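Small disclaimer: the values here were computed from a predicted structure and weren't measured. We count ligands from 1, going down the list as the structure has it; atoms in each ligand are counted the same way.
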Amino acid sequence: MLHLAQAAVAALAILPSLYSASPLDTTPSSSSASLSARHADTCSSKKKPNIVFIISDDQDQRQNSIGVMKHVQELLVRKGTMFEKFYSPISLCCPSRSAFLRAQCAHNTNITNVRPPYGGWPLFNEFGYGDEWLPTFLEEAGYDVRYTGKLMNGQTVDNIAALPPKGLVDHAFLLDPYTYDYWHPAFSSPNGTVIYRPGEYSTDVVAEIGLKYLDDAAKNPDKPFFVGIAPMGPHAHMPYNTENVFDAPIPAPRHVGAFSNVTLNTSRESFNPDVPSGASWVRELPKNNETVIEYITEYYRGRLESLLAVDELVEKVVKKLDEMGVLDETYIIYTTDNGYESNAGHRRQPGKSLAYEEDINIPLVVRGPDVPQGLIDTDSVYSLVDLASTILDIASAPTPYDTDGSLVPLTTSLRDRAKWEGGTKQFHLTEYWVNAYVEGKYNQPNPFPVNSTLKSLRVVERELGLDYAYTVWCTGEREIYDMTTDPDQMHNLASTLSSSSTKSSYITRLHTRLDALLLVLKTCSGQSCRLPWKSMFTNGKVKNLKDAMKKEYDDYFKGLPSVRYSRCELGYHRTLEAPFWSHTLAYSPEKSYAQC
Ligand SMILES: *[C@@H]1O[C@H](CO)[C@@H](O)[C@H](O)[C@H]1NC(C)=O
Ligand SMILES: *[C@@H]1O[C@H](CO)[C@@H](O)[C@H](O)[C@H]1NC(C)=O
Ligand SMILES: *[C@@H]1O[C@H](CO)[C@@H](O)[C@H](O)[C@H]1NC(C)=O
Ligand SMILES: *[C@@H]1O[C@H](CO)[C@@H](O)[C@H](O)[C@H]1NC(C)=O
Ligand SMILES: *[C@@H]1O[C@H](CO)[C@@H](O)[C@H](O)[C@H]1NC(C)=O
Ligand SMILES: *[C@@H]1O[C@H](CO)[C@@H](O)[C@H](O)[C@H]1NC(C)=O
């Protein structure tokens, strides 16, 4: 027996092949979400799994902030799989969430800031994404979709009625200017009314609405549900009646002081160093005095304490699903939008928006059907873009365009599939185009804003002994860190590149490879985002950085154009980012690449 909605889905599921025929699309066995949606169980009468998606705001992985969340540890980490090398595509809320909601890299959404002209909910809709995004894809795949909490910046009490979100049965999005006020939340509703809850703790209200959505969704047992729950913790507190004030996060009253004995990790090499580090404006930062360090410590405690209400939310959700009898058929996904520096690393104030590990490495924990229990994956490298493609795959939800994501091996069967297809993903692209957001109250860069436009790469091939971070700034500066020996990113290997004694050195050779991979990824789309080495080596002989490091390819890599910008701008303007990758640059075994 085929349910009507499912029949429609099965019919739709053959569509993506028409759209994904890019010239690069040559491998039938790619990990494309839309490809895989075709052979998933759209036709079986088995009910699709439920998905509860919990996304916090600005939570780092690097300093193990989920370590203080004991329910997350007990109910998700121990009962599911944690991914230690999970990343944000762009270290800023709205752009990162937009990339997730479209399963596309930021250079393909071109949502690059939190506000106009380069970002926000109105621009998201202007680009037409409101008609084709995760909620509509899931709705078409037969899901009951509900979402509460923060969706993205620029949903305001004034514009939400005019720009209603599509694909959702019910929603209660946090609305600006109340989004980041811990004690004055305001929410959207499907009939356009704004619901104000002054004097109530934002995270707790979001938890309450999320639980109600689970109850409501369960009233239709024939339909699988997707419930998104997005508390604002541990984001900075921004009182609704102020502008650009980023205060320390406010914990729920019951959690005040819970971490009053926590101190910053002063043994990290990057902790408030005597000698400046990094590049661009980071190199200009003054060393912090004791007053500032004390303030950052308080700020850090506020972050950890504000996470405890998020932790309780997770416990309530798991308990509710258990009571409903659907815990075993539901995926619970816990993640965040971007990381955060809150430990005075590189002399910084609290904040995000850079490409250092603190800003981009984020938590991902998943439990659910066929998800290995207690597994900590320390090597697979994935991002929110990949996670979105994976959710669509799990939901057998086709998309009218080829997404950029690879499938995160959440389940045993996805893990097996990754193995057949040559292993899990081992690289990640981070992009950024706007001024840096420096939070807290001290040492705001002057003049402000500072240009922070950059592109960055993580390559993690630990079994092969390679683990690197590579960044190119719009200023022309470059950074290369060997993450094996320098996890705090304090010794920039790129600083030796221009000296003639290193022309044929390992670092110079490494640089040409990292730069080539970044060249492909910076304009990748679909297949080329998933298999960038294949764009360069169409014969499949080079599958990773280790292969690419072979001496025989030195001249080929040396001859490729390098990644650069003609100047710094706050948005993605293509002409400033030439040259670009083109398939004519692919390696050809017949060609001689000897340098003139
Ligand atoms: C609109 O929806 C909200 C939330 O569901 C409800 O409280 C309110 O009464 C509704 N208002 C109207 C005019 O229907
Ligand atoms: C802080 O105090 C709590 C209990 O109040 C204790 O469990 C924890 O170990 C302490 N942490 C440190 C770093 O002293
Ligand atoms: C402090 O940082 C060092 C170096 O990164 C790390 O080895 C250590 O585990 C950290 N200590 C704590 C308590 O997080
Ligand atoms: C510490 O630095 C902050 C920020 O630069 C400054 O406002 C403050 O006056 C300094 N305090 C002392 C005691 O020097
Ligand atoms: C940022 O870049 C723009 C364009 O190159 C330039 O005009 C501006 O002065 C830069 N701002 C800072 C603070 O460096
Ligand atoms: C991105 O959007 C901005 C502002 O809407 C626009 O100026 C720019 O040309 C777009 N970039 C690309 C590559 O489409």
Side-chain angles (χ1 to χ4, degrees), residues 60-68 84 90 94-95 98-99 102 104-129 154 259 261-273 277 284-301 303-304 341-350 356-358 361 431-434 438-446 448 453 455 467 474 481-491 522-525 565-567 569-578 580-581:
D60 69 280
Q61 163 75 18
R62 183 76 169 97
Q63 279 139 30
N64 192 28
S65 55
I66 69 167
V68 306
E84 280 192 350
I90 173 165
C94 173
S98 299
R102 290 275 298 171
Q104 284 185 315
C105 297
H107 64 256
N108 287 331
T109 64
N110 194 17
I111 300 284
T112 58
N113 199 349
V114 296
R115 56 173 79 104
Y118 301 117
W121 179 241
L123 186 67
F124 190 87
N125 282 279
E126 208 174 289
F127 285 165
Y129 301 155
F259 294 113
N261 57 359
V262 165
T263 56
L264 301 183
N265 184 351
T266 54
S267 63
R268 287 167 74 217
E269 197 185 347
S270 60
F271 173 78
N272 202 25
S277 53
E284 314 276 302
L285 294 173
K287 192 169 184 219
N288 293 303
N289 63 27
E290 249 171 64
T291 315
V292 179
I293 292 299
E294 254 169 50
Y295 173 75
I296 296 175
T297 306
E298 279 305 319
Y299 197 104
Y300 183 53
R301 291 171 181 158
R303 280 176 59 76
L304 297 183
E341 166 59 65
S342 52
N343 244 303
H346 298 271
R347 299 181 166 184
R348 289 170 61 194
Q349 301 307 304
Y356 299 116
E357 206 69 350
E358 288 78 4
N361 188 199
E431 308 177 276
Y432 203 82
W433 283 274
V434 296
V438 177
E439 306 181 7
K441 66 177 179 188
Y442 286 114
N443 295 343
Q444 293 293 329
N446 186 20
F448 189 78
T453 295
K455 298 180 196 303
D467 190 351
C474 61
Y481 298 104
D482 183 341
M483 302 300 282
T484 310
T485 55
D486 183 21
D488 274 3
Q489 298 172 280
M490 289 297 289
H491 304 278
K522 76 171 185 164
T523 50
C524 74
S525 154
Y565 299 80
S566 36
R567 62 171 196 275
E569 278 298 342
L570 299 183
Y572 177 25
H573 304 287
R574 244 182 106 89
T575 49
L576 304 179
E577 303 191 8
F580 302 106
W581 172 260

Novice: When only distance counts, is Tyr442 in polar contact with ligand 4, meaning an N/O pair under 3.5 Å?
Specialist: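 Min N/O separation from ligand 4 is not below 3.5 Å for Tyr442.
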Novice: Below 4.0 angstrom from a heavy atom of Val292, which ligand 4 atoms are there? Numbered from 1 as shown, please.
Specialist: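 Heavy-atom distances to Val292 below 4.0 Å select 2 (O), 3 (C), 4 (C).
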Novice: Taking the six-membered ring of Phe259 as reference, does the cationic atom of Arg303 (NZ for Lys, CZ for Arg) lie under 6.0 Å from its centre and within 45° of its axis?
Specialist: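 Verdict for Phe259: no cation-pi partner in Arg303.
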Novice: Closer than 4.0 Å to some heavy atom of Thr291 - which atoms of ligand 4 meet that?
Specialist: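 In order of numbering, the contacting atoms are 11 (N), 13 (C).
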Novice: Measure the shortest side-chain to side-chain distance between Gln349 and Val292 over non-hydrogen atoms and say whether it is less than 4.5 angstrom.
Specialist: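 Yes - at least one pair of side-chain heavy atoms lies under 4.5 Å apart.
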Novice: Determine the interplanar angle of the Tyr129 and Phe124 rings, folded into 0 to 90°, and report it as parallel if under 30°, tilted if 30 to 60°, perpendicular if over 60°.
Specialist: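 Aromatic pair Tyr129/Phe124 classed perpendicular.
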Novice: Can you check whether Leu576's main-chain N or O pairs, donor with acceptor, with Arg567's side chain at less than 3.5 Å?
Specialist: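 No: the side chain of Arg567 does not pair with the backbone of Leu576.
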Novice: Give a yes/no verdict on whether any heavy atom in Pro117 is under 4.0 Å from an atom of ligand 6.
Specialist: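 So Pro117 counts as touching ligand 6.
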Novice: Are any of the N/O atoms on Tyr572, whether in the backbone or the side chain, positioned under 3.5 angstrom from an N/O atom of ligand 6?
Specialist: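 For ligand 6, there is an N or O atom that lies under 3.5 Å from one belonging to Tyr572.
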Novice: Write none if no such pair exists; otherwise list each N/O atom of ligand 3 with its protein N/O partner under 3.5 Å and the distance.
Specialist:
unit_1   : atom_1 : unit_2 : atom_2 : d
ligand 3 : 2 (O)  : Asn265 : OD1    : 3.4
ligand 3 : 2 (O)  : Asn265 : ND2    : 2.3
ligand 3 : 11 (N) : Asn265 : ND2    : 2.9
ligand 3 : 14 (O) : Asn265 : ND2    : 3.4

Novice: Taking side chain as C-beta onward, heavy atoms only, is Gln489 less than 4.5 Å from Ser270?
Specialist: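 No, every pair of side-chain atoms sits at 4.5 Å or beyond.
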Novice: For Tyr481, check side chain to side chain donor-acceptor pair (under 3.5 Å) against everything at least two apart and list the hits.
Specialist: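 Tyr481 satisfies side chain to side chain donor-acceptor pair (under 3.5 Å) with Glu479 only.
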Novice: Which atoms of ligand 6 have any heavy atom of His573 under 4.0 Å away?
Specialist: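 Within the 4.0 Å cut-off of His573, ligand 6 contributes 7 (O).
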Novice: With side chain to side chain donor-acceptor pair (under 3.5 Å) as the test, would you mind laying out the steps for His491 and Glu269 before giving the verdict?
Specialist: CA-CA 10 Å; His491 304 278; Glu269 197 185 347; 2.8 Å; yes
Novice: Indicate yes or no: does an N/O atom of Asn110 lie under 3.5 Å from an N/O atom of ligand 6?
Specialist: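 Yes, Asn110 has an N/O under 3.5 Å of an N/O on ligand 6.
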Novice: Would you say Arg347 and Pro273 make side-chain contact, with heavy atoms under 4.5 Å?
Specialist: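 Yes - at least one pair of side-chain heavy atoms lies under 4.5 Å apart.
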Novice: For residues Tyr442 and Tyr295, determine if any side-chain heavy atom of one lies less than 4.5 Å from a side-chain heavy atom of the other.
Specialist: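 Of all side-chain heavy-atom pairs linking Tyr295 with Tyr442, at least one is under 4.5 Å.
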